[in-house]
Amino acid sequence: AETIRALLNTSGDGARLTFAALRDRVTMVADALAGVGIRRGDHVGVCLGNTAEWVTLFLAIGALGATTVPVNTRLKTAEIEYTLHQSEVRCLFVADRMLGIDFIAMLREIAPGIDAALPDPALPELSRIVVLGSDVPAGCMSYDRFLAGAANPPAPLASRGARPEAIGIIQYTSGTTSFPKGVMLPQRNVLWDAYYVGQAMGLRPGDRHLSPRVFFHVSGSVLSVLVTMQHGVTLVTMSRFDGEQALLLAEAERCTHLSGNDTMFLM
């Protein structure tokens with residue numbers, strides 16, 4: 001009962017979700033994904049900040065046996081084009097604007113077809129873009145319209161489930177030499193990683209874990225999101241890290257655990 005009542009708090013949009021509510025959202029989004037043609041093995045890009053929608057999409061994509069391609073929101077236009085093209089993303093979820101960045105303008109520069117119809121010759125595999133926000137080009141789909149497709153799913157979620165050997169994440173490295181590499185991480189691997197990291201941290205149901213790490217990195221997707229999901233722990237996160245705000249948030253949310261990078265702790 002304590003686990004079900006635990007909250008997932010994302011300060012980016014102020015959302016607070018119980019695990020039960022998150023489960024229902026994941027089922028709805030998985031149905032909507034299936035409604036737009038996403039199937040097991042398809043690659044789905046997610047270019048969002050640390051929000052409840054990121055977590056929901058990540059879990060729903062995995063539930064279908066599809067692959068999440070986290071898109072680094074700090075990338076430049078050419079780098080986003082490379083990531084989407086090289087990973088053969090079929091469907092992209094993107095914020096229209098975030099932290100002062102206009103992602104629609106960036107996509108328009110990459111693929112002008114977003115103002116008419118997809119796919120664009122520049123990204124022939126990308127057949128659908130779902131926009132979270134009000135700036136939705138004619139060739140794209142709003143998130144509300146996307147969710148409306150959940151009303152008529154093609155099949156029950158259980159019949160479309162994932163397999164342990166399925167690639168859960170294609171994680172692009174920092175690209176210390178040449179272009180970034182897309183590392184293929186099976187679902188089995190990331191789930192075991194999350195389980196044992198949580199054990200090493202001493203996490204127990206009812207704990208509250210503040211992790212400001214960005215979800216587009218494995219330290220966010222696996223070592224924050226999946227770690228807390230695996231152990232029935234509340235996840236508290238931030239849309240943008242600030243040292244003082246992190247301390248205030250940890251106190252306000254009565255966090256028992258804190259994780260981050262060395263630069264964060266120095267701040």
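Side-chain N or O atoms of Tyr82 include one that pairs as donor or acceptor with a backbone N or O of Pro180 at under 3.5 Å. Put simply, the side chain of Arg97 never gets that close to the backbone of Phe103: no donor and acceptor are under 3.5 Å apart. Between the side chain of Arg213 and the backbone N or O of Gly260 there is at least one donor-acceptor pair closer than 3.5 Å. The backbone N or O of Leu191 lies less than 3.5 Å from a partner atom in the side chain of Gln230, making a donor-acceptor pair. No donor-acceptor distance shorter than 3.5 angstrom exists from the side chain of Thr68 to the backbone of Ile169, with no hydrogens or angles considered. Asp96 places a side-chain N or O within 3.5 Å of a backbone atom of Asp135 that can act as its donor or acceptor partner. Checked by atom type and distance alone, the side chain of Ser224 never pairs as donor or acceptor with a backbone atom of Ser221 at under 3.5 Å. With Glu88 contributing its side chain and His43 its backbone, the two residues share no donor-acceptor pair below 3.5 Å. Side-chain atoms of Thr256 do not come within 3.5 Å of backbone N or O of Asp207 as any donor-acceptor pair. In this structure, the side chain of His209 does not engage the main chain of Val233 through any donor-acceptor pair within 3.5 Å.
Leu48 and Met98 make their closest contact through C-SD, 4.0 Å (heavy atoms, listed as atom of the first residue, atom of the second, distance). Nearest heavy atom pair, residue Ile38 against residue Ala66, reads CG2-CB, 4.0 Å. Closest approach of Arg145 and Cys140 over heavy atoms only: NH1-O, 4.0 Å. The shortest non-hydrogen separation linking Thr73 to Cys47 is CG2-SG, 4.0 Å. Smallest separation of non-hydrogen atoms from Arg128 and Met141: NH1-CE, 3.0 Å. When all heavy atoms are compared, the tightest approach of Thr67 to Ile167 is OG1-O, 2.6 Å.
A distance of 8.0 Å separates OG in Ser211 from CG in Leu258, rounded to the nearest 0.5 Å. A distance of 11.5 Å separates OG1 of Thr234 from CG of Leu17, quoted to the nearest 0.5 Å. Once rounded to the nearest 0.5 Å, the distance linking NE2 of His257 with CZ of Arg208 reads 13.0 Å. The CD atom of Glu81 sits 10.0 Å away from the CG atom of Leu107 when rounded to the nearest 0.5 Å. Atom-to-atom distance recorded for Thr173:OG1 and Lys181:NZ is 6.0 Å, nearest 0.5 angstrom. One distance of note links CG of Asn261 with CG of Leu266; it measures 10.5 Å at 0.5 Å rounding.
Cluster annotation: Leu248 is not connected to Leu235 through the hydrophobic network of ILVMFWY side chains, with a link wherever side-chain heavy atoms come within less than 4.5 Å. In the hydrophobic clustering of ILVMFWY residues, with side-chain heavy atoms under 4.5 Å counting as a link, Tyr172 and Met184 come out together. Follow the hydrophobic side-chain contacts under 4.5 Å out from Leu99 and you reach Val94 in the same cluster.
By the neighbour-count criterion of 12 heavy atoms within 6.0 Å, atom CE of Met267 is densely surrounded, having more than that number from other residues, nucleotides or ligands. In the displayed structure, Gln199 atom CD is contacted under 6.0 Å by more than 12 heavy atoms of other residues, nucleotides or ligands.
For the residue pair His217 / Ser219, a side-chain donor-acceptor distance below 3.5 Å is found, with atom types taken as modelled. A donor atom on one side chain and an acceptor atom on the other are not found under 3.5 Å apart for Glu53 and Tyr143.
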Could you go through the side-chain contact (heavy atoms from CB on, under 4.5 Å) check for Thr263 and Phe241 one step at a time?
-> CA-CA 11 Å; Thr263 52; Phe241 179 76; over 6 Å; no

Candidate pair Arg240 and Gln245, rule side-chain contact (heavy atoms from CB on, under 4.5 Å), full reasoning = CA-CA 10 Å; Arg240 176 187 294 190; Gln245 290 301 314; over 6 Å; no

Start with the C-alpha distance between Leu59 and Arg25, add both sets of side-chain angles, then the distance that settles side-chain contact (heavy atoms from CB on, under 4.5 Å), and finish with yes or no.
-> CA-CA 10 Å; Leu59 298 177; Arg25 278 202 191 189; over 6 Å; no

In sequence, state the C-alpha distance, the side-chain angles, and the governing distance for Met201 and Val197, and then conclude on side-chain contact (heavy atoms from CB on, under 4.5 Å).
-> CA-CA 6 Å; Met201 292 176 64; Val197 166; 4.0 Å; yes

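A 4.5 Å side-chain heavy-atom check between Ile80 and Met106 finds at least one atom pair inside the cut-off. You'll find the side chain of Phe146 reaches within 4.5 Å of the side chain of Val29, heavy atoms only.
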Less than 3.5 Å apart, which donor and acceptor atoms pair up between the side chains of residues 111-124 and the rest of the protein, not counting sequence neighbours?
residue	atom	partner	partner atom	Å
Asp115	OD1	Arg108	NE	3.4
Asp115	OD1	Arg108	NH2	3.0
Asp115	OD2	Arg108	NE	2.7
Asp120	OD1	Ala122	N	2.9
Asp120	OD2	Gly113	N	2.7

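In summary, of the residues considered (Val130, Val131, Val136, Leu132), a side chain to side chain contact (heavy atoms under 4.5 Å, CB included) with Ser142 occurs for Val136 alone.
Hydrophobic cluster membership of Val214, counting Ile, Leu, Val, Met, Phe, Trp and Tyr whose side-chain heavy atoms lie under 4.5 Å apart directly or via other members: Phe216. With a 4.5 Å cut-off between side-chain heavy atoms of Ile, Leu, Val, Met, Phe, Trp and Tyr, the cluster of Tyr195 takes in Trp192, Tyr196.
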